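Throughout, a chain's letter reflects where its sequence line sits, starting with A, and its residues are numbered from 1. Note that the structure is a prediction, hence the values are computed from the model and not measured. Basis for what follows: all heavy atoms, side chains included, without hydrogens, waters or symmetry-related copies.
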2 protein chains.
Amino acid sequence: MTAVKESSTRNFNKGIALTSCPVTFVMEKIGGYWKPIIIFHLMSGPKRYSELKRAIPQITEKMLIQHLKQMQNDDLVRRDAQAVVPPVVTYSLTKSGQDLFHVLNSMVDWAVKNGSV
Amino acid sequence: MTAVKESSTRNFNKGIALTSCPVTFVMEKIGGYWKPIIIFHLMSGPKRYSELKRAIPQITEKMLIQHLKQMQNDDLVRRDAQAVVPPVVTYSLTKSGQDLFHVLNSMVDWAVKNGSV
DNA sequence: ACAAGTACTTACCCCAAAGTATGTAACCAT
DNA sequence: ATGGTTACATACTTTGGGGTAAGTACTTGT
């Protein structure tokens with residue numbers, strides 16, 4: 001009966017970082033290999049699920065919907081479905097999602113200046 | 001003939017993301033729970049190893065040096081050691097590291113506006 | 001003699017995120 | 001009736017980031 005193990009110095013640390021560090025808060029939302037790329041593609045306007053898939057060929061379908069769902073929960077992305085015969089589902093950025101432009105942009109600026117290697 | 005397994009769709013994807021996505025490039029450098037926090041503490045000026053340790057009590061020593069080393073390799077942080085009796089090692093931000101201020105700041109701005117929940 | 005401080009290093013474990021593979025429901029064209 | 005398209009779902013495996021715990025070398029204070 002080796003105890004419940006508490007399993008969570010990790011979660012505790014995550015907690016303090018999240019509540020005490022706004023940067024970590026943001027990175028929770030746009031972290032993960034694919035999220036920034038998905039957001040980037042949605043910046044140019046609403047896209048269908050299949051359009052996103054074709055625009056990002058390397059992503060698996062699992063990762064694509066998984067991230068789209070997380071971003072819906074985080075209110076970065078809106079999903080609009082038409083109950084038609086072959087389903088038509090359109091994803092677009094919410095206001096919060098669009099506001100991320102400034103964040104991503106400052107990252108790009110930094111990368112351009114400091115991406116020499 | 002189920003292929004050689006390649007061991008690395010992961011690394012391959014990481015590769016394309018890194019070379020094709022400047023945002024991912026940046027997140028590789030400031031990602032991880034502790035890096036933004038360490039950078040934040042170094043923003044207010046150079047700090048000794050033990051000062052950082054005390055400033056961020058929850059971090060383990062392993063994580064602290066690990067991240068400090070990575071950030072040295074990424075040229076975000078400079079290490080200055082004095083060869084004195086009890087070692088004195090001082091860490092400070094490089095120009096690149098200081099430039100991250102704008103990036104972190106835009107994240108904070110976004111978090112303040114969209115961190116309601 | 002022994003604890004305490006300074007700046008690390010090393011071996012080991014755990015879990016959650018990412019990837020693989022396959023299935024599903026509804027319809028349409030051939 | 002068979003295959004293709006659309007938008008998912010779900011079970012299983014892998015991997016690497018993060019954590020735990022302990023050790024090192026050298027010196028000062030008591």
Side-chain angles (χ1 to χ4, degrees), chain A residues 2-18 24 27-38 47-72 77 79-91, chain B residues 2-18 24 27-38 47-72 77 79-91:
Chain A
T2 12
V4 191
K5 184 63 179 184
E6 263 294 287
S7 102
S8 46
T9 307
R10 193 83 157 263
N11 287 331
F12 175 73
N13 283 341
K14 201 162 170 174
I16 41 162
L18 270 175
T24 303
M27 299 226 283
E28 282 283 314
K29 314 245 162 190
I30 63 173
Y33 288 132
W34 302 110
K35 278 186 193 172
I37 298 175
I38 296 171
K47 294 274 180 305
R48 289 185 62 174
Y49 175 81
S50 49
E51 285 184 287
L52 286 171
K53 237 195 81 168
R54 277 190 293 268
I56 316 169
Q58 299 86 1
I59 200 174
T60 63
E61 301 195 48
K62 182 200 168 197
M63 283 295 107
L64 184 52
I65 28 142
Q66 194 176 97
H67 284 129
L68 284 170
K69 279 194 175 177
Q70 283 173 23
M71 295 169 100
Q72 283 174 67
V77 161
R79 192 188 104 115
D80 295 297
Q82 297 171 43
V84 293
V85 233
V88 175
V89 180
T90 308
Y91 290 94
Chain B
T2 13
V4 191
K5 182 67 178 182
E6 265 295 288
S7 102
S8 44
T9 307
R10 193 84 157 261
N11 286 331
F12 175 73
N13 283 341
K14 203 162 168 173
I16 41 159
L18 270 175
T24 304
M27 300 227 282
E28 282 284 312
K29 313 247 163 190
I30 64 173
Y33 287 131
W34 302 110
K35 278 185 190 171
I37 299 175
I38 295 171
K47 296 274 181 303
R48 291 185 60 175
Y49 175 82
S50 50
E51 286 182 286
L52 286 172
K53 238 193 78 166
R54 276 189 295 268
I56 315 171
Q58 300 85 2
I59 202 174
T60 63
E61 301 195 48
K62 181 200 168 195
M63 284 294 106
L64 184 51
I65 28 142
Q66 195 175 96
H67 284 131
L68 284 170
K69 278 194 176 177
Q70 283 173 23
M71 295 170 101
Q72 282 174 67
V77 161
R79 191 189 104 114
D80 296 296
Q82 296 172 44
V84 292
V85 235
V88 174
V89 179
T90 308
Y91 291 93

Whole-Å distance separating the [atom1] atom of [X] from the [atom2] atom of [N]:
| X | N | atom1 | atom2 | value |
| --- | --- | --- | --- | --- |
| B:Gln58 | D:dG18 | CD | P | 15 Å |
| B:Glu28 | C:dA18 | CD | C1' | 14 Å |
| B:Gln72 | C:dA7 | CD | P | 14 Å |
| B:Ile30 | D:dG17 | CD1 | C1' | 17 Å |
| A:Gln82 | C:dA26 | CD | P | 19 Å |
| B:Lys35 | D:dG18 | NZ | C1' | 13 Å |
| B:Gln70 | C:dT9 | CD | P | 13 Å |
| A:Gln66 | D:dA11 | CD | P | 14 Å |

Is the shortest side-chain N/O distance from B:His67 to OP1 or OP2 of D:dG17 below 4.0 Å?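 False: B:His67 side-chain N/O out of range (4.0 Å or more) of D:dG17 OP1/OP2.
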Kindly say if A:Trp34 contacts the phosphate of C:dG19, meaning a side-chain N or O under 4.0 Å from OP1 or OP2.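 Yes, within the criterion.
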>> As an exercise, state the distance from NE2 of B:His67 to CD1 of B:Ile37, rounded to the nearest 0.5 Å.
In response: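 Answer rounded to 0.5 Å: 10.0 Å.
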Which pairs with one or both residues in residues 49-61 of chain A pass salt bridge (Lys or Arg N to Asp or Glu O under 4.0 Å), sequence neighbours excluded?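 Pairs touching residues 49-61 of chain A that pass the test: A:Lys53-A:Glu61.
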Please list, for nucleotides 7-9 of chain D, all pairs of protein and nucleotide N/O atoms separated by less than 3.5 Å.
{"residue": "D:dA7", "atom": "OP1", "partner": "A:Arg48", "partner atom": "NE", "Å": "3.1"}
{"residue": "D:dA7", "atom": "OP1", "partner": "A:Arg48", "partner atom": "NH2", "Å": "2.9"}
{"residue": "D:dA7", "atom": "OP1", "partner": "A:Pro87", "partner atom": "O", "Å": "3.2"}
{"residue": "D:dA7", "atom": "OP1", "partner": "A:Val89", "partner atom": "N", "Å": "3.1"}
{"residue": "D:dA7", "atom": "OP2", "partner": "A:Ser50", "partner atom": "N", "Å": "3.1"}
{"residue": "D:dA7", "atom": "OP2", "partner": "A:Ser50", "partner atom": "OG", "Å": "2.9"}
{"residue": "D:dC8", "atom": "OP1", "partner": "A:Arg79", "partner atom": "NH1", "Å": "2.2"}
{"residue": "D:dC8", "atom": "OP2", "partner": "A:Arg79", "partner atom": "NH1", "Å": "3.2"}
{"residue": "D:dC8", "atom": "OP2", "partner": "A:Tyr91", "partner atom": "OH", "Å": "2.7"}
{"residue": "D:dC8", "atom": "N4", "partner": "A:Glu61", "partner atom": "OE1", "Å": "2.9"}
{"residue": "D:dC8", "atom": "N4", "partner": "A:Glu61", "partner atom": "OE2", "Å": "3.4"}
{"residue": "D:dA9", "atom": "OP1", "partner": "A:Lys69", "partner atom": "NZ", "Å": "3.0"}
{"residue": "D:dA9", "atom": "OP2", "partner": "A:Lys69", "partner atom": "NZ", "Å": "2.7"}

| field | Partners meeting side-chain contact (heavy atoms from CB on, under 4.5 Å) with B:Ala81 (sequence neighbours left out) | value |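 For B:Ala81 the side-chain contact (heavy atoms from CB on, under 4.5 Å) partners, ignoring immediate neighbours, are B:Arg79, B:Val89.
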